[in-house]
Amino acid sequence: QVQLVESGGGLVQTGGSLRLSCAASGRTFTSFAVGWFRRAPGQEREFVGAATWSSGLTYYADSALGRFTVSRDIDKHTWYLQMSNLIPEDTAVYYCASAPHSMTDTMCDDDHWGQGIQVTVSS
């Protein structure tokens, strides 16, 4: 099974930046898309952004568009979420994911998830 390990979370002030990383290990990694979700307390999990693994084509939720960037390093089997202009509403547990389908499709048992990492944006 592919294992996904996140890093880079933490506390940042409003207007600051963070970069989350997700490293895939285990069996040979292949995926159509890699990306990020988040869940704020008391809210549903929501899609943040993703990229196709082969081409790097990115797509984002409206809340992330223009502020967040998804990228990937093919050689390292790692992808990133660069977050800029952070606001308190971005406070959430962020989960990286990989899938054999578009990340905007319904997630299923074929998908892999990281353990989640806390991002806190202070006022």
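Residue numbers start at 1 and run along the sequence shown.
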How about [X] and [Y]: do any of their side-chain heavy atoms sit closer than 4.5 Å?
X      : Y      : value
Val121 : Gln13  : no
Asp73  : Tyr80  : yes
His77  : Ser25  : no
Arg67  : Ile87  : yes
Thr14  : Pro88  : yes
Thr120 : Gln118 : yes
Trp79  : Trp53  : yes

- [ ] May I ask you to check whether Phe37 and Tyr95 place their ring centres under 6.0 Å from each other?
- [x]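 When the ring centroids of Tyr95 and Phe37 are compared, they turn out to be at least 6.0 Å apart.
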Task: Separation of Cys22 SG from Gln115 CD (nearest 0.5 Å) - done: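 Reported to 0.5 Å precision, the distance equals 8.0 Å.
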- [ ] Could you please spell out the steps behind the side-chain contact (heavy atoms from CB on, under 4.5 Å) verdict for Trp36 and Glu6?
- [x] CA-CA 11 Å; Trp36 299 86; Glu6 300 176 355; 4.0 Å; yes
Open item on the list: Assess, by modelled atom type and distance only, whether the side chains of His101 and Asp110 contain a donor and an acceptor separated by less than 3.5 Å.
Closed with: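 On atom types as modelled, these side chains do not qualify, holding no pair under 3.5 Å.
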Task: Pair Thr104-Ser102, side-chain donor/acceptor within less than 3.5 Å - done: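 Distance-only check passes for Thr104 and Ser102.
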Open item on the list: Treating Arg72 as the side-chain partner and Ser54 as the backbone partner, does any N or O pair qualify as donor plus acceptor under 3.5 Å?
Closed with: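 Looks like yes, one N/O pair under 3.5 Å.
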Open item on the list: Looking at Glu46 and Arg39, is there a salt bridge between them, counting it only when a charged N and a carboxylate O are closer than 4.0 Å?
Closed with: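 No, no charged N to carboxylate O under 4.0 Å.
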Treating Ile, Leu, Val, Met, Phe, Trp and Tyr as nodes and any side-chain heavy-atom pair under 4.5 angstrom as an edge, say whether [X] and [Y] lie in one connected cluster.
X     : Y      : answer
Phe47 : Met83  : no
Leu65 : Leu86  : yes
Leu20 : Val2   : yes
Val34 : Ile74  : yes
Leu81 : Met103 : no

Specify the closest pair of heavy atoms between [X] and [Y], including all atoms of both residues, with the distance to one decimal.
X      : Y     : value
Ile117 : Gly9  : CD1-N, 3.2 Å
Val70  : Tyr60 : N-OH, 2.9 Å
Ala24  : Leu4  : CB-CD2, 3.7 Å
Ser21  : Thr78 : CB-CG2, 4.5 Å
Arg38  : Ser63 : NH2-OG, 3.5 Å
Ala99  : Ser31 : O-OG, 2.8 Å

TODO: Could you give me the CA-CA distance, side-chain angles and deciding distance for His112 and Gln3, then say whether side-chain contact (heavy atoms from CB on, under 4.5 Å) is met?
DONE: CA-CA 7 Å; His112 295 95; Gln3 305 290 322; over 6 Å; no
